[in-house]
There are 2 protein chains.
Amino acid sequence: MTLVNASSRRKELIRIAARLFVVEGFDRTTVRMMAQEMGIKSGSLFHHFRDKQEILCAVIEEGMHNALALARLALDEASATPGARLDAMVRAHLETLLTDRNAHVVALYEWRRLDNESRSHLVHLRDAYEALWKQVIDEALDAGLIRGDPLSVRRFVLGALNWTVRWYDPEGPRSPESLARELVTMITHNPSAS
Amino acid sequence: MTLVNASSRRKELIRIAARLFVVEGFDRTTVRMMAQEMGIKSGSLFHHFRDKQEILCAVIEEGMHNALALARLALDEASATPGARLDAMVRAHLETLLTDRNAHVVALYEWRRLDNESRSHLVHLRDAYEALWKQVIDEALDAGLIRGDPLSVRRFVLGALNWTVRWYDPEGPRSPESLARELVTMITHNPSAS
DNA sequence: ATGCTAACCAAGCAAGCGCTAGTGTTAATT
DNA sequence: AATTAACACTAGCGCTTGCTTGGTTAGCAT
């Protein structure tokens with residue numbers, strides 16, 4: 001590998017693996033399944049990745065990277081009021097989960113399948129993303145927009161959002177944006193402040 | 001089997017299997033692991049259950065049954081105001097997830113590993129539990145206690161609660177009851193009405 | 001004593017798993 | 001024309017998986 005990375009072929013394989021990990025789960029996805037979807041034989045897979053674990057690691061890295069990038073973009077573009085920033089953050093999170101799809105979902109749902117080495121390689125990405133949420137939630141609390149303990153609120157909000165993966169129907173009537181609006185409506189108490 | 005059921009030995013095996021399914025996940029839990037925890041050999045397991053799938057089915061049935069029973073009890077004991085009923089329901093849900101432990105967690109997190117036959121055998125339990133939630137949430141909405149679309153609110157609330165399994169620390173300072181209070185505080189707008 | 005039954009064990013099978021070794025093949029570089 | 005590197009294939013190894021088979025044991029009612 002030129003730089004262990006960056007190959008466009010590799011990027012495409014990661015996309016395909018991510019889709020399978022979401023549909024079947026990591027454990028149930030075999031290297032033979034992945035190879036078939038990629039149009040190669042199972043042995044050839046190991047030319048691109050050291051082992052199955054490295055594929056998971058690459059998918060999750062991609063997922064966290066996308067989520068972080070989209071969240072930062074959304075916050076930069078949003079106006080400075082706490083309400084607008086909360087709204088932007090919720091929208092960005094649902095976007096990566098429900099439309100960009102797959103990679104971020106794998107990051108959330110297959111995290112515990114990572115071995116210690118991969119985990120410590122990815123944990124700083126996770127922390128950076130959590131830090132964005134902490135900032136936005138704390139602002140909203142300080143502005144009196146939401147009520148509750150900062151840590152609990154953050155966990156509840158993220159839980160509500162992450163669980164959407166289980167029931168959201170992309171063919172259905174609701175868009176990720178409208179869902180974002182629903183959630184913000186549910187938890188905000190002083191709409192005039194937004 | 002006397003009645004395919006009801007053996008106390010079987011009940012105990014289900015408890016042990018549930019614990020393993022939570023810690024390792026269904027796919028990663030092998031029949032040999034279960035047998036070892038139960039103090040028998042792997043072959044003997046199939047005296048009690050037809051196959052691994054039946055164990056999963058039994059665990060989830062137990063989990064849904066417990067959750068349903070506890071929720072009904074909580075609603076019966078709660079006073080009739082929408083706020084009190086919402087509070088009772090949230091508390092009951094967290095109780096089965098975080099203290100009773102295991103079986104209800106498996107029901108939520110391993111549902112998709114059920115085959116079609118098992119699923120159609122369990123789906124009415126799931127529907128009954130969802131119906132309780134629908135009732136309580138709709139009451140709270142009608143009373144002006146919460147804001148939003150009934151279906152979305154129900155899904156968000158359940159998502160926030162179900163995700164607690166991922167981060168809750170039983171050794172930590174927070175009890176399920178205090179968490180329940182936190183969530184209700186976060187989403188209710190008119191505390192005087194409770 | 002005898003028969004019945006629930007509970008268990010020892011041994012192992014067939015299938016599927018992740019992964020490796022060795023060998024082309026193709027296209028760009030020297 | 002020779003070399004190299006990236007990519008793919010064939011074949012299969014060693015291991016684990018869920019599950020089966022055929023038999024043993026202990027308790028209990030007749």
Side-chain angles (χ1 to χ4, degrees), chain A residues 1-60 106 110 112-119, chain B residues 1-60 106 110 112-119:
Chain A
M1 300 176 218
T2 51
L3 262 167
V4 184
N5 224 332
S7 143
S8 81
R9 179 85 174 117
R10 191 179 152 104
K11 277 254 176 192
E12 194 200 339
L13 299 185
I14 289 174
R15 243 196 55 247
I16 293 171
R19 227 198 60 243
L20 278 171
F21 289 167
V22 169
V23 175
E24 296 284 334
F26 176 69
D27 289 329
R28 271 180 144 77
T29 303
T30 69
V31 295
R32 280 166 244 261
M33 278 183 195
M34 290 191 262
Q36 182 156 33
E37 291 293 298
M38 296 163 181
I40 59 179
K41 300 292 175 180
S42 71
S44 310
L45 237 176
F46 296 91
H47 171 73
H48 301 278
F49 303 94
R50 196 184 322 117
D51 51 25
K52 195 188 173 190
Q53 180 69 209
E54 191 185 289
I55 306 180
L56 177 62
C57 187
V59 169
I60 292 185
V106 175
E110 306 289 347
R112 59 187 206 142
R113 299 306 170 202
L114 289 170
D115 59 24
N116 290 335
E117 195 187 351
S118 306
R119 198 169 306 187
Chain B
M1 298 177 219
T2 52
L3 262 169
V4 186
N5 221 333
S7 144
S8 80
R9 181 82 175 117
R10 191 180 150 104
K11 277 254 175 192
E12 194 199 338
L13 299 186
I14 289 172
R15 242 197 56 248
I16 293 170
R19 225 198 63 241
L20 278 171
F21 290 167
V22 169
V23 176
E24 295 285 335
F26 176 69
D27 289 329
R28 271 180 144 76
T29 303
T30 70
V31 295
R32 278 167 246 260
M33 278 183 197
M34 290 191 261
Q36 182 156 33
E37 292 292 299
M38 295 162 182
I40 58 179
K41 299 293 173 181
S42 71
S44 311
L45 238 177
F46 297 91
H47 171 74
H48 301 277
F49 304 93
R50 198 185 320 116
D51 51 26
K52 195 188 174 192
Q53 180 70 208
E54 192 184 285
I55 306 180
L56 178 63
C57 188
V59 169
I60 292 185
V106 175
E110 306 289 348
R112 59 185 207 143
R113 298 306 170 202
L114 289 170
D115 59 24
N116 290 334
E117 196 186 351
S118 307
R119 199 171 304 187

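In what follows, every chain begins at residue 1, and chains take the letters A, B, ... in the order their sequences are listed. Here the structure is a predicted model, which is why all the values come from computation and not from measurement. Below, each value reflects all heavy atoms present in this structure, side chains not excepted, and no hydrogens, waters or symmetry copies.
The NZ-P distance, from A/Lys52 to C/dT20, rounds to 14 Å in whole Å. One atom, CZ of B/Phe46, and another, C1' of C/dA11, lie 15 Å apart when rounded to the nearest Å. The distance between atom CG of B/Leu56 and atom P of D/dG18, rounded to the nearest whole Å, is 13 Å. The CZ atom of B/Arg10 sits 14 Å away from the P atom of C/dC8 (whole-angstrom rounding). Following rounding to the nearest Å, A/Leu13 (CG) and D/dA8 (P) show an atom-to-atom distance of 8 Å. Summarising the geometry, the separation between CG on A/Asp27 and P on D/dT16 is reported as 16 Å, rounded to the nearest angstrom. The distance between atom CZ of A/Phe49 and atom P of C/dT20, rounded to the nearest whole Å, is 15 Å. The interatomic distance linking B/Met33 (CE) with D/dT16 (P) rounds to 12 Å, in whole Å.
Regarding contacts with the backbone of D/dG18, every side-chain N or O of B/Arg28 stays at 4.0 angstrom or more from both OP1 and OP2. Between C/dC8 and B/His48, a contact under 4.0 Å exists linking OP1 or OP2 to a side-chain N or O. OP1 or OP2 of C/dA7 has at least one side-chain nitrogen or oxygen of B/His47 nearer than 4.0 Å. An OP1 or OP2 oxygen of C/dC8 is reached within less than 4.0 angstrom by a side-chain nitrogen or oxygen of B/Arg9.
Residues B/Ser44 and B/Lys41 form a side-chain contact, since some pair of their non-hydrogen atoms from C-beta on lies under 4.5 Å apart. You'll find the side chain of A/Ile60 reaches within 4.5 Å of the side chain of A/Leu114, heavy atoms only.
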When the side chains of residues 28-35 of chain B are checked against the rest of the protein, which donor-acceptor pairs come out under 3.5 Å, sequence neighbours left out?
| residue | atom | partner | partner atom | Å |
| --- | --- | --- | --- | --- |
| B/Arg28 | NH1 | A/Asp27 | OD1 | 2.2 |
| B/Arg28 | NH1 | A/Asp27 | OD2 | 3.2 |
| B/Thr29 | OG1 | B/Leu20 | O | 3.4 |
| B/Thr29 | OG1 | B/Gly25 | O | 2.7 |
| B/Thr30 | OG1 | B/Arg32 | N | 3.4 |
| B/Thr30 | OG1 | B/Met33 | N | 3.0 |

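Residues from residues 34-44 of chain A that place a heavy atom under 4.0 Å from any atom of DNA chain C, listed by number: A/Ser42, A/Gly43.
With sequence neighbours excluded, no residue forms a side-chain contact (heavy atoms from CB on, under 4.5 Å) with A/Asn116. Checked against side-chain contact (heavy atoms from CB on, under 4.5 Å), B/Arg15 has the following partners two or more places apart in sequence or in another chain: B/Glu12. Residues forming a salt bridge (charged side-chain N to carboxylate O under 4.0 Å, His left out) with B/Glu37 (at least two apart in sequence, or on another chain): B/Arg19.
Not a single donor-acceptor pair, N or O on each side, falls under 3.5 Å between the base of C/dG16 and the side chain of A/Arg32.
Note on residues 22-41 of chain B: pairs passing ring pair (Phe, Tyr, Trp, His ring centres under 6.0 Å), not counting sequence neighbours, are B/Phe21-B/Phe26.
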